[in-house]
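First comes the structure, then the notes that go with it.
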Amino acid sequence: MALDAETREHLLETVRRFVREKCVPAESKTAEDDLVPDGIVSEMRSLGLFGLSIPTEYGGLGLTMEEEVLVAMELGHTSPAFRSVIGTNVGIGSQGIVMFGSAAQKDEWLPKLASGDMVASFALTEPGAGSDAASLRTTALKDGDHYVIKGTKRFITNASRAGMFTLLARTDPSRKGASGISAFIVPAKTEGVSIGRPEKKMGQQGAHISDVNFDNARVPERLRLGAEGEGFKLAMQVLDRGRLHISGVCVGLAGRLIAECVRYANEREQFGEKIGNFQLIQAMLADSQTEAYAARSMVLDAAKKRDSGENVTMESACAKYFASEMVG
């Protein structure tokens with residue numbers, strides 16, 4: 001259920017102050033240390049940011065899609081590394097359980113994720129399967145009341161901090177494409193699960209991605225999410241929500257960049273006057289503001305449609321494509 005207007009504005013203002021007063025001043029240190037400070041992570045827990053999208057009965061805030069993207073826009077005002085800390089719990093790590101989990105699975109895992117006591121990661125991407133998710137090769141073969149998982153996942157956000165993975169693996173290797181894929185909850189401490197070294201990246205220092213290796217890891221059947229063969233459907237539904245969240249972050253980051261550009265244009269002098277007085281600079285700022293407004297409108301439109309029960313697979317993909325290109 002949506003928040004009333006006063007509560008929603010209070011939430012957004014609280015996140016806004018946290019971002020500007022705590023995260024923005026810590027950007028340089030976070031990038032230098034390649035680590036988000038523990039104090040900021042603790043405050044994220046106390047604000048309930050790990051549980052934005054998790055239902056209230058499991059300790060989360062239970063935000064609607066519209067409310068979540070509005071929060072994402074506020075979080076986008078600072079380095080994406082800070083949002084990445086909570087991102088997998090809010091989106092792809094938890095939503096498979098929210099949408100497809102049994103009552104027992106929800107009771108066991110969602111309260112830990114909502115509080116931030118445990119971090120979830122989404123293990124889909126492989127060395128040869130990213131956007132083409134249906135081509136994944138990691139297998140999960142039935143052995144009694146367990147599945148034996150073998151394969152490697154790549155570029156997995158928060159893998160080094162994760163307590164569990166929402167894993168996509170092929171349970172029927174004889175069936176090519178999407179139909180043979182199933183989803184599982186895999187505790188990080190499962191024997192046979194190992195984490196590679198964090199990748200060195202060009203940006204977003206403090207947000208870590210790693211390989212995750214599954215070497216005959218045994219996972220009980222009770223940790224399968226949904227029925228066999230439903231994994232691809234789970235992934236697509238989870239990613240619909242995740243794409244809108246990321247689109248909101250892009251809109252927030254664009255707002256930060258525009259503000260920085262305006263400030264600089266009003267300070268920098270060339271040819272005896274502020275560069276903001278030159279028509280070319282004004283046109284660049286106008287283009288940027290227009291594109292950011294267009295992206296914001298797209299994201300909110302798709303979010304409202306999702307909240308009303310419409311299928312927004314196309315709209316969420318359009319919003320993420322446009323918003324991420326726009327902020328770039």
Side-chain angles (χ1 to χ4, degrees), residues 53-55 58 87-110 112-114 118-126 128-159 162-190 192-193 211-243 245 311 313 316:
S53 61
I54 295 174
Y58 301 104
T88 48
N89 275 36
V90 169
I92 51 182
S94 71
Q95 289 305 294
I97 303 173
V98 172
M99 296 176 187
F100 287 81
S102 66
Q105 289 168 341
K106 292 177 179 179
D107 288 341
E108 180 177 0
W109 299 98
L110 291 182
K112 304 172 190 175
L113 301 181
M118 177 177 284
V119 171
S121 281
F122 188 63
L124 168 62
T125 304
E126 297 181 1
S131 298
D132 180 15
S135 68
L136 65 83
R137 295 183 178 181
T138 296
T139 57
L141 303 182
K142 196 76 180 292
D143 182 23
D145 59 357
H146 282 68
Y147 287 87
V148 179
I149 301 171
K150 189 173 183 61
T152 296
K153 298 293 181 177
R154 180 147 293 171
F155 304 138
I156 305 304
T157 303
N158 287 335
M164 59 81 68
F165 297 94
T166 299
L167 170 77
L168 278 297
R170 192 169 295 283
T171 45
D172 188 350
S174 68
R175 296 165 67 187
K176 304 301 180 185
S179 61
I181 296 171
S182 302
F184 301 87
I185 297 169
V186 181
K189 292 182 179 179
T190 301
V193 176
D211 281 5
V212 183
N213 303 303
F214 299 88
D215 185 11
N216 295 320
R218 295 180 62 84
V219 176
E221 185 177 6
R222 65 179 179 81
L223 292 184
R224 190 186 67 223
L225 284 167
E228 276 199 8
E230 285 191 337
F232 189 80
K233 179 173 72 171
L234 175 147
M236 294 303 101
Q237 291 189 26
V238 166
L239 289 171
D240 281 351
R241 183 165 192 138
R243 287 175 180 132
H245 179 103
N311 183 324
T313 296
S316 64

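- Ion pairing between D215 and K150 holds under the 4.0 Å rule for side-chain N and carboxylate O.
- Under a 4.0 Å N-O distance rule, the pair E108/R222 qualifies as a salt bridge.
- Within the 4.5 Å cutoff, the side chain of L141 has heavy atoms near those of the P173 side chain.
- Between T171 and F184 the shortest side-chain heavy-atom distance falls below 4.5 Å.
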Quick one, L124 with I92, criterion side chain to side chain contact (heavy atoms under 4.5 Å, CB included). Give me CA distance, side-chain angles, the key distance, then yes/no. CA-CA 10 Å; L124 168 62; I92 51 182; over 6 Å; no
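- Looking only at side-chain heavy atoms (C-beta outward), F100 and Q237 come within less than 4.5 Å of each other.
- Partners of D143 by side chain to side chain donor-acceptor pair (under 3.5 Å), not counting sequence neighbours, listed by chain and number: R218.
- Results of the side chain to side chain donor-acceptor pair (under 3.5 Å) test with T152 over D211, N213, T138 single out N213 as the only residue that passes.
- At a cut-off of 3.5 Å, with distance as the only test, no side-chain donor of S121 or N158 sits close to an acceptor on the other residue.
- In this structure, V212 and V186 have side chains that are not in contact, with every pair of non-hydrogen atoms separated by 4.5 Å or more.
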Derivation of the side chain to side chain contact (heavy atoms under 4.5 Å, CB included) call for I97 and K106: CA-CA 6 Å; I97 303 173; K106 292 177 179 179; 4.1 Å; yes
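- Proximity of F232 to L168: side-chain heavy atoms (C-beta onward) are nowhere separated by under 4.5 Å.
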Starting from the C-alpha separation in whole Å, work towards a yes-or-no answer on side chain to side chain contact (heavy atoms under 4.5 Å, CB included) for Q95 and T166. CA-CA 9 Å; Q95 289 305 294; T166 299; over 6 Å; no
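- Side-chain contact check for E126 versus R154: every heavy-atom pair is 4.5 Å or farther apart.
- A 4.5 Å side-chain heavy-atom check between L225 and Q105 finds at least one atom pair inside the cut-off.
- For the pair K142/E221, a side-chain contact is recorded, criterion being any heavy-atom separation below 4.5 Å from C-beta on.
- Partners of R170 under the salt bridge (Lys or Arg N to Asp or Glu O under 4.0 Å) rule, at least two apart in sequence or in another chain, do not exist in this structure.
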